[in-house]
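Everything below concerns the one structure shown next.
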Amino acid sequence: MGFFSKDIKTMNDLFMHGLQDLYYAENQIAKSLPDMIDKASNPLLRAGFQKHLKETEGQIKRLEQVFELLDAQPKGEKCPAIEGILKEGSELMDEIDDADVMNIGLIAAAQAVEHYEITRYGALIAWASELGRNDCVPLFKANLAEEKATDQKLTALAERRVNPEGEKKSANGKKPVKRATSTARRKRKAQARPTKAKRNGAKKARRRA
Ligand SMILES: [Fe+2]
Ligand SMILES: [Fe+2]
């Protein structure tokens, strides 16, 4: 990535570098998504990946519009961060046989990608504003909104634990039973459990009796 190499002298260089980095990342993501679609057995997850592949293709076009606004040729800068995230995701997929575990692993791998993109778009928006390139900002913001929406949909799927039973019920016209998240379950357990003070009080009472 060469973030701190001496090729980057000005804020403008940093901005251009960030743009090329993200252009490379989006292209790599577009290449990886078909494999993730193939491996996702959950219909909602698969449809989500298919939708996001189309969005990613649109995002690449928006980045090309940014290059055009800057009178620059669209060019990617090799980005080891996204390569690492994607490589880790694909290595994980190679290790999983069970379809349900695969869906859950895919969600986590995809969220790592979305979070990376969200941080990068956030930086580019800030840098474009600082450089007075407000013409580029709406294009970055459009991409950022899609990344955030995708991340939220992945979170919702993870919270349902990609529950195929829930989807069957939904297909029958009944509302799917929303599974409690692990946090909600922990909270309920904690509420049901007597507090330490109460437990100590009960112990003392037993000793006194
Ligand atoms: Fe993207
Ligand atoms: Fe994305």
Side-chain angles (χ1 to χ4, degrees), residues 1-3 14-70 72-93 96 102-129 133-160 162:
M1 194 154 41
F3 242 121
L14 185 65
F15 175 59
M16 188 51 84
H17 175 87
L19 175 62
Q20 290 172 342
D21 186 283
L22 203 41
Y23 185 65
Y24 177 89
E26 290 290 12
N27 276 286
Q28 293 303 113
I29 295 162
K31 279 185 203 157
S32 298
L33 273 165
D35 195 28
M36 295 169 83
I37 292 166
D38 278 352
K39 293 206 160 74
S41 60
N42 177 277
L44 289 177
L45 183 58
R46 179 183 268 264
F49 283 156
Q50 278 162 337
K51 183 174 183 244
H52 201 49
L53 174 56
K54 285 218 167 64
E55 285 175 341
T56 301
E57 286 159 357
Q59 290 171 0
I60 292 169
K61 292 211 168 75
R62 285 195 198 105
L63 292 183
E64 285 167 357
Q65 283 175 258
V66 174
F67 279 110
E68 212 177 306
L69 287 169
L70 300 170
Q73 280 297 313
K75 185 182 154 241
E77 174 82 28
K78 198 169 154 65
C79 166
I82 198 67
E83 286 200 333
I85 292 169
L86 292 172
K87 186 167 176 264
E88 188 184 45
S90 96
E91 282 174 3
L92 181 80
M93 286 184 253
I96 301 174
M102 176 69 86
N103 288 324
I104 293 162
L106 281 167
I107 291 173
Q111 282 196 290
V113 173
E114 295 315 311
H115 288 199
Y116 174 76
E117 292 180 288
I118 289 167
T119 63
R120 297 290 90 199
Y121 279 114
L124 280 176
I125 289 166
W127 296 344
S129 308
R133 294 306 311 230
N134 293 329
D135 50 345
C136 305
V137 170
L139 291 158
F140 292 139
K141 280 194 173 168
N143 285 7
L144 178 61
E146 288 175 351
E147 313 299 14
K148 282 186 176 171
T150 303
D151 180 48
Q152 280 164 11
K153 280 181 208 149
L154 288 165
T155 298
L157 275 175
E159 283 177 351
R160 290 179 62 171
V162 197

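Both ligands and their constituent atoms are indexed starting at 1 by order of listing.
- Looking at E147 and H115, their side chains never bring a donor and an acceptor atom within 3.5 Å of each other.
- Looking at L154, D35, N42, D38 one by one, the single match for side-chain contact (heavy atoms from CB on, under 4.5 Å) with F49 turns out to be L154.
- By the neighbour-count criterion of 12 heavy atoms within 6.0 Å, atom CD of E57 is densely surrounded, having more than that number from other residues, nucleotides or ligands.
- Protein N/O/S atoms closer than 2.8 Å to the Fe ion (ligand 1), listed by chain and residue number, are E26 OE1, E26 OE2, Q59 OE1, E117 OE2, E147 OE2.
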(message) Does E55 form a side-chain hydrogen bond (donor to acceptor under 3.5 Å, both in side chains) with H52? I'd like the steps, not just the answer.
(response) CA-CA 5 Å; E55 285 175 341; H52 201 49; 2.8 Å; yes
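- In this view, Y23 and F67 satisfy the ring-ring contact (aromatic ring centres under 6.0 Å, His included) rule, not counting sequence neighbours.
- Evaluated for a salt bridge (charged side-chain N to carboxylate O under 4.0 Å, His left out) with R62, the options E68, E146, E26 yield exactly one hit, E146.
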